[in-house]
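Heads up: the structure comes next, in structure tokens.
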Amino acid sequence: MPNSAPHAIHEPSAMVAALRGLRNHCPRCDHKPLFARYLKPVERCACCGQDWTLHQADDFPAYIAIFISGHLLAPVLIAAGSRELLPMGWLALIAVVGALLLTIVMLQPAKGAVIALQYHWKMHGFDPASREADPRSD
């Protein structure tokens, strides 16, 4: 019978953990879902019991999503604008709608990857030693 103790779970590499977070899976055990709602992670993983309320992703996932969407849209808009394929009003509409959609679509995967990397690198509350030394953890 397999050992189901929390210490029996093999810790994934940073890349594996980030890819699991991108896919809305638990970075520790690959169980789905990592998020209970769009951007709110589950309190604990249903499979391994890892506490996901310890993360401090803050605004970093939004910066990542905006950065990527800008780099995806810029070449398209530059190419269409330089060849005068569309009127400027249509280009502006495509830019605004495209930026909004791309950012919204990429926000949850970016947050999942940030949470996974924080877990892997034992940042914030994910380091058991820092939780024992922190008097605020009561």
Side-chain angles (χ1 to χ4, degrees):
M1 185 157 118
N3 187 357
S4 62
H7 58 78
I9 294 177
H10 174 68
E11 294 296 325
S13 67
M15 180 63 82
V16 170
L19 289 174
R20 288 176 179 176
L22 277 170
R23 296 179 315 167
N24 189 20
H25 290 216
C26 173
R28 186 172 184 214
C29 68
D30 204 23
H31 186 264
K32 192 172 182 173
L34 177 59
F35 292 98
R37 292 188 302 241
Y38 180 61
L39 291 176
K40 179 158 178 74
V42 295
E43 287 190 26
R44 293 196 173 274
C45 176
C47 184
C48 67
Q50 173 64 45
D51 182 8
W52 294 115
T53 61
L54 303 170
H55 78 87
Q56 294 180 16
D58 299 330
D59 292 338
F60 190 50
Y63 295 141
I64 293 171
I66 291 168
F67 182 79
I68 293 172
S69 66
H71 280 79
L72 291 175
L73 276 176
V76 172
L77 295 174
I78 290 170
S82 66
R83 295 189 184 130
E84 298 178 12
L85 297 175
L86 295 171
M88 288 305 262
W90 281 103
L91 283 176
L93 181 67
I94 290 169
V96 169
V97 171
L100 284 172
L101 289 176
L102 280 172
T103 303
I104 289 170
V105 165
M106 286 187 283
L107 196 54
Q108 187 184 46
K111 186 167 183 174
V114 168
I115 291 171
L117 291 174
Q118 286 180 355
Y119 166 75
H120 176 75
W121 291 326
K122 297 188 181 347
M123 295 171 66
H124 310 298
F126 290 118
D127 186 10
S130 70
R131 276 186 295 197
E132 293 169 4
D134 188 6
R136 296 176 293 160
S137 64
D138 293 339

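Computed over heavy atoms, backbone and side chain alike; hydrogens, waters and symmetry mates excluded.
- The cluster map of Ile, Leu, Val, Met, Phe, Trp and Tyr, joined by side-chain heavy atoms under 4.5 Å apart, puts Leu93 and Met88 in the same cluster.
- Pro41 places none of its side-chain heavy atoms less than 4.5 Å from the side chain of Thr53.
- You'll find the side chain of Leu102 stays beyond 4.5 Å of the side chain of Ile68, heavy atoms only.
- Within 6.0 Å of CZ on Phe35 lie more than 12 heavy atoms contributed by other residues, nucleotides or ligands.
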Legend entry - Intermediate values then yes/no, side chain to side chain contact (heavy atoms under 4.5 Å, CB included), Val16 and His120: CA-CA 10 Å; Val16 170; His120 176 75; over 6 Å; no
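- Counting heavy atoms from C-beta outward, Cys29 and Cys45 have side chains that approach closer than 4.5 Å.
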Inset, instruction - Output, in order, the C-alpha distance, side-chain angles, deciding distance and verdict of side chain to side chain contact (heavy atoms under 4.5 Å, CB included) for His31 and His25. - result: CA-CA 5 Å; His31 186 264; His25 290 216; over 6 Å; no
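- You'll find the side chain of Tyr119 stays beyond 4.5 Å of the side chain of His55, heavy atoms only.
- Within the model, atoms CD1 of Ile115 and CG of Leu54 stand 10.5 Å from one another, a figure rounded to the nearest 0.5 Å.
- Cluster membership for Val105 and Leu77, using ILVMFWY side-chain heavy atoms within less than 4.5 angstrom, is not shared.
- How far CZ of Phe126 is from CH2 of Trp52: 5.0 Å, rounded to the nearest 0.5 Å.
- Side-chain atoms of Lys111 come within 3.5 Å of backbone atoms of Leu39 as a donor-acceptor pair (strictly under, hydrogens ignored).
- The shortest distance between side-chain heavy atoms of Leu107 and Tyr38 falls below 4.5 Å.
- Atom CD1 in Ile94 sits 12.0 Å away from atom CG in Leu101 (nearest 0.5 Å).
- A donor-acceptor pair is defined here as one N or O able to donate and one able to accept, closer than 3.5 Å; such a pair exists between the side chain of Arg20 and the backbone of Arg28.
- Listed by chain and residue number, nothing satisfies the side-chain hydrogen bond (donor to acceptor under 3.5 Å, both in side chains) test with Arg44 (two or more places apart in sequence, or in another chain).
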Legend entry - Chi angles and distances behind the side chain to side chain contact (heavy atoms under 4.5 Å, CB included) call for Cys47, Cys26: CA-CA 9 Å; Cys47 184; Cys26 173; over 6 Å; no
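- Taking 4.5 Å as the limit, every side-chain heavy atom of Leu72 sits out of range of all side-chain heavy atoms of Val76.
- Neither Leu85 nor Ile78 shares a network with the other; the hydrophobic side chains, linked directly or stepwise wherever heavy atoms of I, L, V, M, F, W or Y lie under 4.5 Å apart, form separate groups for each.
- Under a 3.5 Å cut-off, the side chain of Gln118 and the backbone N or O of Gln56 do form a donor-acceptor pair.
- Of the inter-residue distances, the one linking Lys122 atom NZ with Glu11 atom CD reads 5.0 Å to the nearest 0.5 angstrom.
- Ala14 and Leu117 get closest at one heavy-atom pair: O-CD2, 3.7 Å.
- The two residues Pro109 and Leu22 have their closest heavy-atom pair at O-CD2, 3.3 Å.
- Not a single donor-acceptor pair under 3.5 Å links the side chain of Thr103 to the backbone N or O of Leu100.
- Each of Ile104 and Ile66 belongs to its own hydrophobic cluster when Ile, Leu, Val, Met, Phe, Trp and Tyr are linked at side-chain heavy-atom distances under 4.5 angstrom.
- Hydrophobic clustering (ILVMFWY, side-chain heavy atoms < 4.5 Å, transitive): Met106 and Val114 are in one cluster.
- Rounding to the nearest 0.5 angstrom, the gap separating the CG atom in Leu34 from the NZ atom in Lys32 is 10.5 Å.
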